[in-house]
Amino acid sequence: MLQVNYLRANKDEAIARLKVKNFQEISLVETIVANDDERKKLQSRLDEIQSKINAASKEIGLLMAKGNKEDAAAKKEEVAELKSALLPISEELTSVEKNIYEDLVKLPNLPHNSVPAGTSPEHNEVVREGGQKPTLHKGALPHWDLAKKYELINFELGNKVTGAGFPFYKGQGAKLQRALIQYFLDFNTGKGYTEYEPPLMVNEASAYGTGQLPDKEGQMYHATEDNFYLIPTAEVPLTNIYREDIVKENELPIKMTAYTPCFRREAGSYGKDVRGLNRLHQFDKVELVQLVHPDNSYEVLEEMLLHVESLLQSLELPYRILRLCGGDMSFASALTYDFEVYSAAQKKWLEVSSVSNFEIFQTNRMKIRFKNADGKIQLVHSLNGSSLALPRIVAALLENHQVRDGIKVPKALQPYFGKEMID
RNA sequence: GGAGACUUGUCCGAGUGGUUGAAGGAGCACGCCUGGAAAGUGUGUAUACGGGAAACUGUAUCAAGGGUUCGAAUCCCUUAGUCUCCGCCA
């Protein structure tokens with residue numbers, strides 16, 4: 001959520017930035033500022049009346065103490081009049097505030113200056129590529145066939161027990177999951193991230209905090225009896241740890257990592273893109289979240305980029321880094337880099353990680369702040385990234401490292417997996 | 001799930017209808033003291049929104065929301081949470 005005062009002071013700049021994101025309802029900016037002006041006026045009038053009521057009430061107390069019942073009764077009448085004047089104003093104020101809030105949450109975050117204009121994935125910029133695309137033997141298979149061949153993942157069984165998009169991992173497949181999770185967490189904690197194991201369900205306030213509600217309600221599984229939501233990513237519980245907190249400046253940066261299953265309803269996705277591991281309702285992910293000083297959030301973003309990059313390098317996968325264009329970025333992000341790994345067997349790039357700086361967009365809604373050297377309260381910047389999402393990494397590992405009689409396990413993973421080959 | 005006790009500022013804790021945004025203590029910050037530190041001592045120490053160049057000032061906030069009242073931290077209702085006992089249970 002953007003700040004009204006920022007919009008007021010930088011209206012033209014904000015509108016220009018919103019256009020980079022292909023945001024249509026530009027007039028909202030004007031509406032919000034106008035409503036906020038109205039809000040201020042109403043607030044002043046309300047405060048003034050309330051102040052009179054407070055003063056009169058005190059007088060009544062004093063008059064009563066003196067036993068002057070007549071004057072007290074007159075004062076009471078005065079207060080009653082003031083209160084009847086108060087009511088319509090306070091109702092109007094509530095309604096204006098509601099309008100402002102509702103409009104404000106419709107505005108996406110403003111993209112950073114470096115974000116290219118564009119409407120679709122073709123307009124994303126390739127920042128750099130790394131790793132070697134393998135030359136596979138004849139008869140190389142896509143991961144869903146490899147998963148079957150080596151009995152790693154059973155999609156049909158998931159269909160039976162739960163439904164589509166809830167696979168079983170089995171034998172070496174299950175162990176590979178465990179090995180990857182362990183490896184990723186060790187890698188992250190080795191770089192100073194604190195490990196958490198958060199709840200997998202969150203309450204409504206937390207879902208609002210990170211912006212899953214109100215817009216993306218349909219994307220989360222909802223346990224209606226208790227009004228809990230299954231988390232779509234560890235970002236939700238992790239970021240909400242600090243909701244409504246004021247931290248000390250020297251506590252920044254706060255670096256957190258967590259492994260969790262992620263649950264996504266992904267309503268309305270069909271076709272070839274959902275084949276195999278490409279899109280699931282439940283999948284495993286290790287997430288990074290940082291809360292940082294606003295002055296250096298972009299340095300931190302670069303640092304997170306290098307972190308994820310070296311992780312992919314250690315898995316010996318061919319990857320590229322994209323700077324997303326305005327139209328392809330998420331609602332909340334100011335700058336996003338996507339990591340894609342080349343799948344040699346599917347002959348396409350698969351997104352395996354997304355690293356973003358949200359600036360104050362999330363922390364403004366959640367009121368995550370710090371006290372700076374001058375004693376002033378300021379919002380922190382939040383960033384997050386996956387390191388990494390398992391299914392597509394597994395797909396890429398299987399497809400890129402396959403040989404005729406098995407799948408080679410990257411050196412870095414061998415101590416965790418316990419073998420050099422999946423066979 | 002049943003019964004009871006409880007929820008006050010960074011923390012502890014006083015406060016059962018009227019100058020209480022909130023006593024007292026601890027912590028923290030700054031100053032004095034000291035060769036340095038501890039001890040001592042002085043001052044300061046919530047957040048949001050509004051007005052003001054600023055000093056300062058108005059309003060709201062004592063778990064959350066609603067109600068009673070001229071006036072609520074204090075009374076009533078609802079919700080959430082904590083603790084104790086009983087039940088159940090991995």
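Below, chains carry the letters A, B, ... as their sequence lines are ordered, and counting in each starts from 1.
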When rounded to the nearest Å, what value does the distance between [atom1] atoms of [N] and [M] take?
| N | M | atom1 | answer |
| --- | --- | --- | --- |
| B:rG25 | B:rA14 | P | 15 Å |
| B:rG21 | B:rG1 | P | 40 Å |
| B:rG15 | B:rC70 | C1' | 23 Å |
| B:rU78 | B:rU84 | C1' | 24 Å |
| B:rG9 | B:rA46 | C1' | 6 Å |
| B:rG2 | B:rG65 | C1' | 26 Å |
| B:rG40 | B:rA23 | P | 22 Å |
| B:rA5 | B:rG58 | C1' | 40 Å |

Without decimals, in angstroms, what is the distance between [X] [atom1] and [N] [atom2]?
| X | N | atom1 | atom2 | result |
| --- | --- | --- | --- | --- |
| A:Leu82 | B:rU69 | CG | P | 17 Å |
| A:Glu97 | B:rG50 | CD | C1' | 11 Å |
| A:Ile100 | B:rC49 | CD1 | P | 12 Å |
| A:Asp37 | B:rG51 | CG | C1' | 15 Å |
| A:Lys75 | B:rU69 | NZ | P | 20 Å |
| A:Ile89 | B:rU59 | CD1 | P | 15 Å |
| A:Asp245 | B:rA46 | CG | C1' | 14 Å |
| A:Ile49 | B:rA60 | CD1 | P | 13 Å |

(Q) For A:Phe370 and A:His293, take the angle between the two ring planes, folded into 0 to 90°, and tell me which bin it lands in: parallel under 30, tilted 30 to 60, perpendicular over 60. (A)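 Ring orientation, 0 to 90° scale: tilted.
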Would you sort out whether A:Leu18 and A:Leu107 count as a side-chain contact (heavy atoms from CB on, under 4.5 Å), showing the intermediate values?
CA-CA 8 Å; A:Leu18 285 171; A:Leu107 292 183; 4.1 Å; yes
Between [X] and [Y]: side-chain donor-acceptor atoms closer than 3.5 Å:
| X | Y | value |
| --- | --- | --- |
| A:Lys191 | A:Asn188 | no |
| A:Asn227 | A:His222 | yes |
| A:Tyr319 | A:Gln313 | yes |
| A:Ser314 | A:Tyr183 | yes |
| A:Tyr337 | A:Glu125 | no |

Does [N] have its OP1 or OP2 closer than 4.0 Å to a side-chain nitrogen or oxygen of [X]?
| X | N | value |
| --- | --- | --- |
| A:Arg39 | B:rG50 | yes |
| A:Ser44 | B:rG51 | no |
| A:Asn54 | B:rG58 | no |
| A:Gln50 | B:rA60 | yes |
| A:Arg369 | B:rU47 | no |

Applying a 4.0 Å non-hydrogen cut-off, can you work out what [X] is touching in the nucleic acid: base, sugar-phosphate, or nothing?
| X | value |
| --- | --- |
| A:Ile53 | nothing |
| A:Lys40 | sugar-phosphate |
| A:Ile377 | sugar-phosphate |
| A:Lys371 | sugar-phosphate |

_Side chain of A:Gln43 only, heavy atoms from C-beta on: which candidate in B:rU47, B:rC70, B:rC49 is closest?_
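So the side chain of A:Gln43 is nearest to B:rC49.
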As a test of your reading of the structure, name each stem of RNA chain B as range with range, where a stem is three or more consecutive Watson-Crick or G-U pairs at under 3.5 Å.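 When the pairs of RNA chain B are grouped into runs of at least three, the stems are B:1-7 with B:80-86, B:10-12 with B:24-26, B:27-32 with B:40-45, B:46-51 with B:56-61, B:63-67 with B:75-79.
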**Earlier contact from the 5' end, RNA chain B, for A:Lys52 and A:Lys76** =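 Result of the comparison: A:Lys52.
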5' priority, RNA chain B, between A:Lys248 and A:Ser51 [closest heavy atom]: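 Going by which nucleotide is closer to the 5' end, it is A:Lys248.
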- Is the distance between the ring centroids of A:Phe187 and A:His307 less than 6.0 Å?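 Yes - the distance between ring centres of A:Phe187 and A:His307 falls below the 6.0 Å cut-off.
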Please find the pair of heavy atoms, one from A:Asn159 and one from A:Ala164, that lie closest to each other, and give the distance.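 Closest approach of A:Asn159 to A:Ala164, heavy atoms only: OD1-CA, 3.2 Å.
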